[in-house]
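Input: a single structure, listed below in structure tokens.
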There are 2 protein chains.
Amino acid sequence: MTGSRRPTLSDVAHEVGVSAKTVSRVLNDDGPTSARTREKVMEAVNRLGFQPNLMARNMRRGSPDSTIGLVVPDMGNPFFGTVAGGIEDAVRERGLTLLMGSSAEDPAQERALIETFLSRRVSALVVVPSVGAHHAYLGGVSSGPPVVFLDRPGSGLATDRVVSSNRSGAQEGTAHLLAAGHRRIGFIGDLPAGLYTRRERLAGYRAALADAGVPYDRNLVASGHDQGASAAATEGLLDLAEPPTALLAGNNFTAMGAVTALARRRRKDIALVAFDDLPLAEILEPPLTVIAQDPAALGAAAARTVLARLDGDRTRPRAEVVPTRLVPRGSGELPPR
Amino acid sequence: MTGSRRPTLSDVAHEVGVSAKTVSRVLNDDGPTSARTREKVMEAVNRLGFQPNLMARNMRRGSPDSTIGLVVPDMGNPFFGTVAGGIEDAVRERGLTLLMGSSAEDPAQERALIETFLSRRVSALVVVPSVGAHHAYLGGVSSGPPVVFLDRPGSGLATDRVVSSNRSGAQEGTAHLLAAGHRRIGFIGDLPAGLYTRRERLAGYRAALADAGVPYDRNLVASGHDQGASAAATEGLLDLAEPPTALLAGNNFTAMGAVTALARRRRKDIALVAFDDLPLAEILEPPLTVIAQDPAALGAAAARTVLARLDGDRTRPRAEVVPTRLVPRGSGELPPR
DNA sequence: GTGAAAGCGCTAACAG
DNA sequence: CTGTTAGCGCTTTCAC
């Protein structure tokens, strides 16, 4: 089954007794061909199982590879999976395929991945930049593919970006807790602390507190990157001498951690609002109030931007914000006691 | 920033005043080069922002593209996201990148995707086959890349496959419910009913019933593909004249549906075991007993197989089974009442 | 309608 | 240590 060389265009040509160019014409519907020739060519193509070599075609045509390179920090995170699906749906009809890699939130791995993509002559690059990564090298030279930063703005390169309304979303969620009467509200953020989304959401939280005249207390800010650490961080807040009566969780994993901690402590009296929705949010007890993101829309927006650039849009870099939506379900409406 | 041609190997060569081959030698560490030449070449490479064209290199070398094509039904499903991560981790050090596309569980889209991957001369193909897809065309001709079916066996092509221990896992889960004294156990399966994983898990369920001498009652089998439909199906079971006292959910989405339905009905007395783990399973009330799959291990196993084939393994097709693990947490130990 | 020659960017095979 | 020639599989250009 394996072994004999893959058939080439000229194999097909020999088989039929025509020139390679004629086969090429048939396959690409390019230039006139007699019906009879077409038939014989197609027959040979099928019989030999010929598959045109896209690398060769693209090279000759000088066109970029019909792929879009996507760099995410973590493929297992459903947030990024849904983002990828959103991109793919939007570019599929243009015949573009997703080339996807994970940076593991490591600038060096991210850069290696990007260089691979560039060497592969991808049509465009969509990047969720790692903390600490710099992207100046992408703009340094001529004629690269369009680049779009997703979920977080990149650093060192002025280019298109698509992000969620992190700050206003967090502000709205915090205001929701304040409206229920809370004055001591804890914040559980992702790590590292330099992460763009964490900073923005923390800023929104602080803005809401300021609006309400509630002083910011840094003892009420805790952190964790995964569910376990976030649960521990939450328990730390609950153990304070003056513990919070409400919590704002900064993303999906910290939300799961907070929910877990509250369940372990049987603290159904603590109000909780989470940034980013969870599949079972509605049936938690109490049902989880969230600031929902729309990851598929983020992906679709990035894809639209990319396609516009490929179509020759030369206007200045766009900064698109995909709105979040407060979904009150119960956990955010608990009063302080 | 865009406009001028991407620099090529001979641009660099001209710049330095050497031949293209010398530059190639420097970049590939292939053959001897003087330190001085190397320096000048690297300088020019950096100054021009030269990036070797991988398409051209692969073509000349006759090597396949250093990518692995992955076809999944749904990128947003965290199960497949984690699988993809498992593959990527395992092939990264070999310099392989993931080319990923979604078939949306549609045989036509799946085939189109596979043909694209073949045209791109991927090094290997990992496919989660859609229901109703046939893959005979993949084996028909000579010398394609190695193909591995994942999560489900493909049809019409004898090749490597990696699946979970669906049948024995479901059997174990059902036995767990039987051991708690249940005799009326409902099954909520994925759709379409022809889906391999559903069939296997249903078979495991039936085997366990048979072992215990409990007659199979097809009225206790319900179906749904997404969370909403599965919740409705679950409610249908609860509304039977002789309702089940326990449930086996066939995958992650049906599990979420079942959990939702039980929560809506406030039926904490119904025992439930779910195939595939959920992030918040431990803090549900009662905590959810699951038959856990290991999606990262599935991906890693597929990757190992692929690499072995690339390394020349010509033995007959492997059928690897990645074991599931029963994780008792409470919901499966509830007695019938 | 069809074919022959040239070349995309790179490296293998041989020179020197 | 370095250069020349040829050619990967395909399409462009121009010829018939």
Side-chain angles (χ1 to χ4, degrees), chain A residues 4-42 44-45 48-66 115-116 118-122 142-144, chain B residues 4-42 44-45 48-66 116 118-123 142-144:
Chain A
S4 61
R5 224 173 87 281
R6 300 278 279 268
T8 72
L9 199 75
S10 44
D11 291 338
V12 177
H14 275 133
E15 195 74 9
V16 182
V18 295
S19 78
K21 177 62 210 177
T22 299
V23 178
S24 167
R25 272 197 268 260
V26 170
L27 291 172
N28 297 302
D29 239 350
D30 163 45
T33 45
S34 81
R36 171 125 184 66
T37 309
R38 237 173 302 145
E39 221 169 279
K40 287 201 299 186
V41 166
M42 291 314 294
V45 162
L48 298 181
F50 169 76
Q51 298 248 356
N53 185 325
L54 259 188
M55 293 195 286
R57 173 181 293 175
N58 286 333
M59 202 169 85
R60 179 62 252 236
R61 290 222 261 239
S63 43
D65 193 20
S66 52
E115 312 240 275
T116 310
L118 291 177
S119 285
R120 209 174 282 292
R121 301 296 187 260
V122 294
S142 46
S143 158
Chain B
S4 61
R5 220 174 90 280
R6 300 279 278 268
T8 72
L9 200 74
S10 41
D11 291 338
V12 176
H14 274 133
E15 195 74 10
V16 182
V18 296
S19 79
K21 179 63 206 179
T22 299
V23 177
S24 167
R25 270 195 270 260
V26 170
L27 291 171
N28 297 301
D29 240 349
D30 162 46
T33 44
S34 81
R36 171 125 184 66
T37 308
R38 235 174 303 144
E39 220 169 280
K40 289 200 298 186
V41 166
M42 290 314 293
V45 162
L48 298 182
F50 169 74
Q51 298 248 355
N53 185 324
L54 260 188
M55 293 195 286
R57 172 182 295 175
N58 286 333
M59 205 169 83
R60 178 62 253 237
R61 291 221 261 239
S63 41
D65 192 19
S66 51
T116 311
L118 292 177
S119 284
R120 209 172 282 291
R121 300 295 187 262
V122 294
S123 295
S142 47
S143 157

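Naming: A, B, ... by sequence-line order, numbering from 1 per chain.
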Heavy-atom nearest nucleotide on DNA chain D for B:Met59 versus A:Arg61: which residue maps closer to 5'?
B:Met59

Distance-only polar pair, side chains of A:Ser119 and A:Thr116, donor-acceptor under 3.5 Å
no

Under a plain distance cut-off of 3.5 Å, with no hydrogens placed, do B:Asn53 and B:Arg6 share a side-chain donor-acceptor pair?
no

Taking the minimum atom-to-atom distance to the side chain of B:Asp30, which one of D:dC10, D:dT2, C:dA12 wins?
C:dA12

How long is the line joining CG of A:Leu54 and C1' of D:dG9, in whole Å?
12 Å

Can you measure A:Phe50 atom CZ to D:dG9 atom P for me and round it to whole angstrom units?
10 Å

B:Met55 atom CE is separated from C:dT11 atom P, nearest whole Å, by 14 Å

Between A:Arg120 (side chain only) and A:Asp65 (backbone N and O only), is there a donor and an acceptor less than 3.5 Å apart?
no

Distance check: side-chain N/O of A:Thr37 vs OP1/OP2 of C:dT2, anything under 4.0 Å?
yes

Does OP1 or OP2 of D:dT11 have a side-chain N or O of A:Asn28 closer than 4.0 Å?
yes

Base of D:dG3, side chain of B:Arg25 - is there a donor-acceptor contact under 3.5 Å?
yes

How close do B:Glu15 and B:Ala44 get, heavy atom to heavy atom, and via which atoms?
CG-CB, 4.2 Å

Would you say D:dG3 has OP1 or OP2 under 4.0 Å from some side-chain N or O of B:Thr22?
yes

Which nucleotide in the list D:dG9, C:dA12, C:dG3 gets nearest to the side chain of A:Thr8?
D:dG9

Nearest heavy-atom approach of B:Ser66 to B:Ser123 is CA-OG, 4.0 Å

Looking only at the side chain of A:Ser24 (C-beta and beyond, no hydrogens), which of the listed nucleotides C:dT11, D:dT11, D:dG9 gets closest?
D:dT11

Tell me which nucleotide among D:dT4, D:dT11, C:dG1 gets nearest to the side chain of A:Ser34.
C:dG1

Rounded to the nearest angstrom, tell me the gap between atom CG in B:Asp29 and atom P in C:dT11.
13 Å

Take the protein atom CZ of A:Arg121 and the nucleotide atom C1' of C:dC8, then report the distance between them rounded to whole Å.
12 Å

Identify whether any heavy atom of B:Asn58 sits under 4.0 Å from a base atom; if not, whether one sits that close to sugar-phosphate; answer base, sugar-phosphate or nothing.
nothing

Check whether any side-chain nitrogen or oxygen of B:Arg57 sits under 4.0 Å from OP1 or OP2 of C:dT11, and answer yes or no.
yes

Just how far, in rounded Å, is P of C:dC8 from CG of B:Asn53?
12 Å

Regarding B:Ser19, tell me which of base, sugar-phosphate or nothing describes its non-hydrogen contacts under 4.0 Å with the strands shown.
base

Nearest-angstrom distance from the residue atom CZ of B:Arg60 to C1' of C:dT11
5 Å

Starting from P on C:dA12, measure out to CG on B:Leu9 and report it in whole angstrom.
12 Å

